[in-house]
Amino acid sequence: MSAVDDVESRGLAAAGYRPAGAEETVRANRHWWDGASREYLDEHGDFLGADDFVWCPEGLREDDARLLGDPAALAGRRVLEVGSGAAQCARWLAARGADVVALDLSMGMLAEGRRLGTPGPAGRTDARPVGLVQGDARVLPFADASFDLAFSAYGAVPFVADPQRVMADVARVLRPGGRWVFSLTHPVRWAFPDDPSEHGLTANRSYFDRTPYVEEDDAGEVVYAEHHRTLGDRVRDVVAAGLVLEDLVEPEWPDGHDRVWGGWSPLRGRLLPGTAILVTRRP
């Protein structure tokens, strides 16, 4: 889920919209998440939990959504989490008997995942083991047709310049009939400021402007990047990978949920969609 915070607090020289290449984006985001992993979990860890499955800032949980199918049928399924962060969702699946591998670009995030999954004061005493793999979601280090399910909760897809490669490689590692479900910032949000207040309710950019959001250091090097695609772009990437789109979920902001997370807030969430979840299947 978006890590865009106050630029000055992180000592960055500039932030805004400008082109960023595929390899440049990968290098920047690997370095950024390595350095920000503990800070990110200190801020959001109570909401995400150590072994809960939260799809989005709206608080939609897999326990309720069942986008991966019946939880009772997960036992024995081989599952891949793409862009896992600290692998909270992967541990939720492992606790239900699934054989889970969590892949992330950042060793820092995977180290936090290891810490959360280790018995003792810093982690759960009854956590089940989850395979943790460092890797690029565009080039998955797994054999063809080796997973029954794959998913990503705000991981990888918006953080690459060439998401069609992620779709194609996930399709490759899925078995026939396998499901691929991923959540990301709703594309409509990119037309609005990333502001949880009323100032975030007035569009100030074209929805069709696909220029990525980029943060730079004093040397002008990219240190963080997120890439925008329209909803149509996302659907076309899915279809081009040979996947079938089965559902598009746009979680509504629930009553009683008052947490502000970056640009997500009760004020905006009741008026604008904040998350899109695409449910797809390999034929």
For residues 232-242, which residue pairs qualify under salt bridge (charged side-chain N to carboxylate O under 4.0 Å, His left out), counting only residues two or more places apart or in two chains?
-> Arg210-Asp233, Asp233-Arg236
Partner residues of His228 under the side-chain hydrogen bond (donor to acceptor under 3.5 Å, both in side chains) criterion, sequence neighbours left out = none
Quick one: CE on Met167 to CZ on Arg165, what's the gap to the nearest 0.5 Å?
-> 13.0 Å
Do Trp264 and Thr185 come close enough that some side-chain heavy atom pair is under 4.5 Å?
-> yes
Which ILVMFWY residues can you reach from Val222 by hopping between side chains whose heavy atoms are under 4.5 Å apart?
-> Val214
Heavy atoms from other residues, nucleotides or ligands near OH of Tyr17 exceed 12 (cutoff 6.0 Å) = yes
Should Leu105 and Met107 be counted in the same cluster of Ile, Leu, Val, Met, Phe, Trp and Tyr side chains packed under 4.5 Å apart?
-> no
For Glu246, side-chain hydrogen bond (donor to acceptor under 3.5 Å, both in side chains) partners two or more places apart = Arg281
Minimum side-chain heavy-atom gap Leu132-Val130 below 4.5 Å | yes
Full working for side-chain contact (heavy atoms from CB on, under 4.5 Å) between Glu250 and Val188 = CA-CA 11 Å; Glu250 299 168 295; Val188 166; over 6 Å; no
In Å and rounded to the nearest 0.5 Å, what is the CG to CZ distance from Asn204 to Phe192?
-> 9.0 Å
Got a sec, which residues hit salt bridge (Lys or Arg N to Asp or Glu O under 4.0 Å) with Arg38, two or more places apart in sequence or on another chain?
-> Glu112
Please check if atom NE2 in His186 has more than 12 non-hydrogen atoms from other residues, nucleotides or ligands closer than 6.0 Å.
-> yes
Ser183 side-chain N/O to Cys56 backbone N/O, donor-acceptor pair under 3.5 Å | no
Do Trp33 and Tyr40 make the cut of ring centroids closer than 6.0 angstrom?
-> yes
Heavy-atom donor-acceptor pair, Asp104 side chain to Met109 backbone, under 3.5 Å = no
With sequence neighbours excluded, what pairs up with Glu221 under the salt bridge (Lys or Arg N to Asp or Glu O under 4.0 Å) test?
-> none
Return the set of residues passing side-chain hydrogen bond (donor to acceptor under 3.5 Å, both in side chains) with Arg78 (not counting sequence neighbours), or none when no residue passes.
-> Asp99
Any donor-acceptor N/O pair, Glu62 side chain to Trp55 backbone, under 3.5 Å | no
Transitively linked via ILVMFWY side-chain contacts under 4.5 Å: Val101 with Val157?
-> yes
Taken to the nearest 0.5 Å, the spacing of Leu67 CG from Leu149 CG works out to 11.5 Å
Do the ring planes of His257 and Phe47 sit parallel (below 30°), tilted (30 to 60°) or perpendicular (above 60°)?
-> parallel
If we only count heavy atoms from C-beta on, is the Glu226 to Trp190 side-chain gap below 4.5 Å?
-> yes
Working for side-chain contact (heavy atoms from CB on, under 4.5 Å), residues His44 and Arg259 | CA-CA 10 Å; His44 302 297; Arg259 182 185 181 91; 3.3 Å; yes
Indicate, with yes or no, if Leu174 and Leu140 share a hydrophobic cluster defined by side-chain heavy-atom contacts under 4.5 Å among Ile, Leu, Val, Met, Phe, Trp and Tyr.
-> yes
Does Gln88 reach the main-chain N or O of Leu48 with its side chain, forming a donor-acceptor pair under 3.5 Å?
-> no
Asn29 CG to Phe159 CZ distance, which is reported to the nearest 0.5 Å | 6.5 Å
Min side-chain heavy-atom separation Thr275-Leu60 under 4.5 Å | no
Considering only heavy atoms from C-beta outward, does the side chain of Arg91 approach that of Val100 to under 4.5 Å?
-> no
List for me each residue that meets salt bridge (Lys or Arg N to Asp or Glu O under 4.0 Å) alongside Asp34, sequence neighbours excluded, and say none if there are none.
-> none
Residue pair Leu245 / Val239, side-chain heavy-atom distance below 4.5 Å | no
Could you give all pairs that pass the ring pair (Phe, Tyr, Trp, His ring centres under 6.0 Å) test and reach residues 85-104, with sequence neighbours left out?
-> Phe53-Trp92
Give a yes or no answer on whether the side chain of Arg282 reaches the backbone of Gly242 with a donor-acceptor pair at less than 3.5 Å.
-> no
With rounding to the nearest 0.5 Å, note down the distance linking CG in Leu93 to CZ in Arg77.
-> 11.0 Å
Got a sec: does the CG of Asp255 have more than 12 other heavy atoms crowding it under 6.0 Å?
-> no
Side-chain donor or acceptor of Glu81 paired with backbone N/O of Ala87 under 3.5 Å = no
Looking only at atom types and distance, does a side-chain atom of Arg175 sit under 3.5 Å from a main-chain N or O of Ala145, one as donor and one as acceptor?
-> yes
Flag yes if Val166 and Val181 sit in one hydrophobic cluster, no otherwise; membership is Ile, Leu, Val, Met, Phe, Trp, Tyr, and two members link when side-chain heavy atoms are under 4.5 Å apart.
-> no
Mind checking what makes side-chain hydrogen bond (donor to acceptor under 3.5 Å, both in side chains) contact with Ser37, not counting sequence neighbours?
-> none
Single-linkage hydrophobic cluster Leu103~Leu110, side-chain heavy atoms < 4.5 angstrom | no
Side-chain contact test, heavy atoms from C-beta onward, threshold under 4.5 Å: evaluate it for Val235 versus Leu248 and give yes or no.
-> no
Of all heavy-atom pairs linking Ala161 and Ala20, the shortest is CB-O, 4.0 Å
Is the backbone of Leu74 close enough, under 3.5 Å, to the side chain of Arg96 for a donor and an acceptor to pair up by distance?
-> no
Arg138 vs Glu23, salt bridge (charged side-chain N to carboxylate O under 4.0 Å, His left out): CA-CA, chis, key distance, verdict | CA-CA 11 Å; Arg138 305 172 306 156; Glu23 301 308 321; 3.2 Å; yes
Check which hydrophobic residues are tied to Val244 through side-chain heavy-atom contacts below 4.5 Å, counting indirect links as well, and list them.
-> none
Less than 4.5 Å apart, any side-chain heavy atom of Thr25 and any of His227?
-> yes
Between the side chain of Ser152 and the main-chain N/O of Phe182, is any donor-acceptor distance below 3.5 Å?
-> no
Output the distance between atom CG (Leu267) and atom CG (Asp258), rounded to the nearest 0.5 Å.
-> 13.0 Å
Residues in salt bridge (Lys or Arg N to Asp or Glu O under 4.0 Å) contact with Asp144, at least two apart in sequence or another chain = Arg172
